[in-house]
Trainee: 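Below is the structure I would like to discuss, written out as structure tokens.
One is the number of the first residue; the rest follow in order along the sequence. As the structure is a prediction and not an experimental result, all values here were calculated from the model.
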Amino acid sequence: MTALSASAEPVTGVTGVTGVFVRLKLSLLRNGLRQSAGRRVAWIVSAVVVLLVTALQLLGLIALRGHAHADALVVLLAAVLGLGWAVLPLFFPSGDETLDPTRLVMLPLRPRPLVRALLTASLVGIGPLFTVCLFAGSVVTLAHGAGAWAVGVVGVGLGVLVCVSLARAVAAANVRLLTSRKGRDLAVLSGLVVAVGAQLVNFGAQRLGSAGLGQLDPVADVLRWVPPASALGAVDAASDGAYGVAVAQLAVTAAGLGLLLRAWSRQLDRLMTSPDGSTLQAAEGRPGRERGSSGLARLLPAGRTGTVMERSLRYAWRDPKTKAAWITSLAIGLLVPVFNAWQGTGSVYFACFAAGMLGTQMYNQFGQDTSAFWMVALTISSPRDAYVELRGRALALLLVTLPYATAVTVLTTALLGDWRTLPEVLGLSFAVLGAMLATGAWASARFPYSIPQDGHKNVAPGQAGLAWLAIVGGMGAAALLCAPVIGLDVWLNTGVGGGWDALLLPVGAVYGAALTLLGLRLAAPRVADRLPEILGAVSKG
């Protein structure tokens, strides 16, 4: 708001409002870079990286000119870019302070002029530059003839405006969420998007590498009628001489832009005129509803074990960073074995990855509690108390991990059609899980570290080495502990075992359970003896 209040010239008309908002955007960018040297370095590095990627993708698109399936690839890229513009404001709401229009509610501005001004200001930045370059490079790839080049000029403008308007409309529709505590916590889940997206990109690249770009044609035929990809579909149609189709696709893009601008304007009108939770009295509790034990609590064991299990499960559901870690482990544990099996290049033993990913949740158990661990520490006065505490946390993990690892193993086996190996892979998965729980309990007692609640960091400053030692060392120890079961599996598969492969299922289950109990027994006395040190380590963030 400083740029608005400091403007010496009176703001008159739409042009004046637009100019003020462009100067506001530049002022916010300049003032943000003045805050610290670290922020300047981060911005410069990110800008350089984006510009390098932009240059490389521009050269790559130009090199595709004349390729038989170049049109399908660039149409798909435009659709993916539009999807990125739609979801990024949800995960990075603090990346652009002008995404929150509620800061303007006290100004005498109508929605339509405000939409024009914000849309113009949104075109200032690295993201719009990247988008312009991608669309421009796509036009170079597709355009053949003067008519196609003319359509391409219009298509680039419409495509970029659709992307920016989509981001603004999504941000305006979710601004109440994005500016709340829960909305800021949503950004923690961006790690999941990156992890899952990397697996999907890897899977798609492998498919394209084996089958060629022709696999994209059916998808591109649909997407070329969906904005903003329809803008590039128009260029391709004009290159083929289908000017009627090109005009229709440009009209679809323009209609999509109009709908987005209308939706954005309606959202701005609602935000500027309707009250929010801060201006309304708190809703009274519904009559007839009493607080009591949830359905989950009634299914858990009585006493401290059930209480610890319920607390751990509630943390996994409610705490943003704990939830993000769980969801990421669940997603990656499923994607790696299933995608490889789907391609026919994987092994049924990849199913053990699911147990290993979720087993890492046992590490740094007390750090997940952050500063609230002091309340737990008050209830631990003996190794027996520490053992029950660790046992409850391990059981809560097993409540999810056992059926999940079993389901992933069965699904992977079904995709590969190798049902004979199901018992031995399940036994190996249970042994891996037991080893991870055992080493995780010991590492939680020996190498606790703090997890900051704000931002994207999962380790407090100065504790990164401790975290790596706990996780990498613990996983290495878990691999060594699984060596007997792995050796038995190899021996049985050499034919010497005489067809006793199914024996590995009970052996692995019993061995994993024994490892878990042993790990809890060894970790409990250390937890009881080191409570002050653990409390100090997990409270540093």
Side-chain angles (χ1 to χ4, degrees), residues 50-86 119-120 122-123 125-167 204-205 207-209 211-261:
V50 171
L51 291 175
L52 287 176
V53 172
T54 301
L56 291 175
Q57 62 90 16
L58 187 59
L59 292 175
L61 288 171
I62 295 174
L64 281 174
R65 183 176 174 84
H67 193 280
H69 301 286
D71 58 328
L73 179 61
V74 297
V75 165
L76 181 63
L77 284 176
V80 172
L81 183 65
L83 179 63
W85 274 94
L119 181 61
T120 306
S122 299
L123 297 175
I126 300 176
L129 176 62
F130 176 82
T131 305
V132 169
C133 291
L134 187 142
F135 275 97
S138 299
V139 169
V140 173
T141 303
L142 298 176
H144 297 280
W149 283 103
V151 172
V153 172
V154 179
V156 169
L158 287 176
V160 174
L161 290 176
V162 166
C163 289
V164 176
S165 301
L166 182 60
R207 294 280 294 182
L208 292 178
L213 294 178
Q215 296 289 314
L216 300 176
D217 289 340
V219 179
D221 290 339
V222 176
L223 293 178
R224 67 178 66 246
W225 290 96
V226 179
S230 54
L232 296 181
V235 179
D236 184 52
S239 297
D240 295 335
Y243 293 104
V245 175
V247 171
Q249 289 173 328
L250 284 180
V252 168
T253 309
L257 175 61
L259 290 175
L260 287 172
L261 293 176

Trainee: When rounded to the nearest 0.5 angstrom, what distance separates CG in L232 from CG in L158?
Mentor: 11.0 Å

Trainee: Is S239 reaching over with its side chain to a backbone N or O of L142, donor-acceptor style, under 3.5 angstrom?
Mentor: yes

Trainee: What are the two closest non-hydrogen atoms of V245 and W225, and how far apart are they?
Mentor: CG1-CZ2, 3.9 Å

Trainee: Would you compute the distance between atom CG of L129 and atom CG of L123 and round it to the nearest 0.5 angstrom?
Mentor: 11.5 Å

Trainee: Does a side-chain heavy-atom distance below 4.5 Å link D236 with V75?
Mentor: no

Trainee: Is it true that a side-chain atom of T141 and a backbone atom of L64 form a donor plus acceptor pair closer than 3.5 Å?
Mentor: no

Trainee: About how many Å separate CG of L161 and CG of L261, when rounded to the nearest 0.5 Å?
Mentor: 8.0 Å

Trainee: For the residue pair P227 and G256, what are the closest heavy atoms and their distance?
Mentor: CG-CA, 4.3 Å

Trainee: With rounding to the nearest 0.5 angstrom, report the CG to CG distance, L76 to D71.
Mentor: 11.5 Å

Trainee: For a quick test of reading the model, state the closest non-hydrogen atom pair linking A78 to A229 and the distance between them.
Mentor: CB-CA, 3.9 Å

Trainee: So do V162 and W85 actually touch side chain to side chain, heavy atoms under 4.5 Å?
Mentor: no

Trainee: Show your reasoning for whether side-chain contact (heavy atoms from CB on, under 4.5 Å) applies to L61 and V74.
Mentor: CA-CA 8 Å; L61 288 171; V74 297; 3.6 Å; yes

Trainee: Are any non-hydrogen side-chain atoms of L257 and S165 less than 4.5 angstrom apart?
Mentor: yes

Trainee: Rounded to the nearest 0.5 Å, what separates atom OG in S138 from atom CZ in F135?
Mentor: 7.0 Å

Trainee: Using 0.5 Å steps for rounding, measure from the CG atom of L51 to the CG atom of L58.
Mentor: 11.5 Å

Trainee: Over all heavy atoms of both residues, which pair between P228 and G159 is shortest? Give the atoms and the distance, please.
Mentor: CB-O, 3.9 Å

Trainee: Sub-3.5 Å donor-acceptor pair from the side chain of R65 to the main-chain atoms of A143, do we have one?
Mentor: yes

Trainee: For A86 and L166, work out which heavy atoms get closest and say how close.
Mentor: CB-CD2, 3.6 Å

Trainee: Where is the tightest heavy-atom contact between A231 and T253, given as atom of each residue plus distance?
Mentor: N-OG1, 3.3 Å

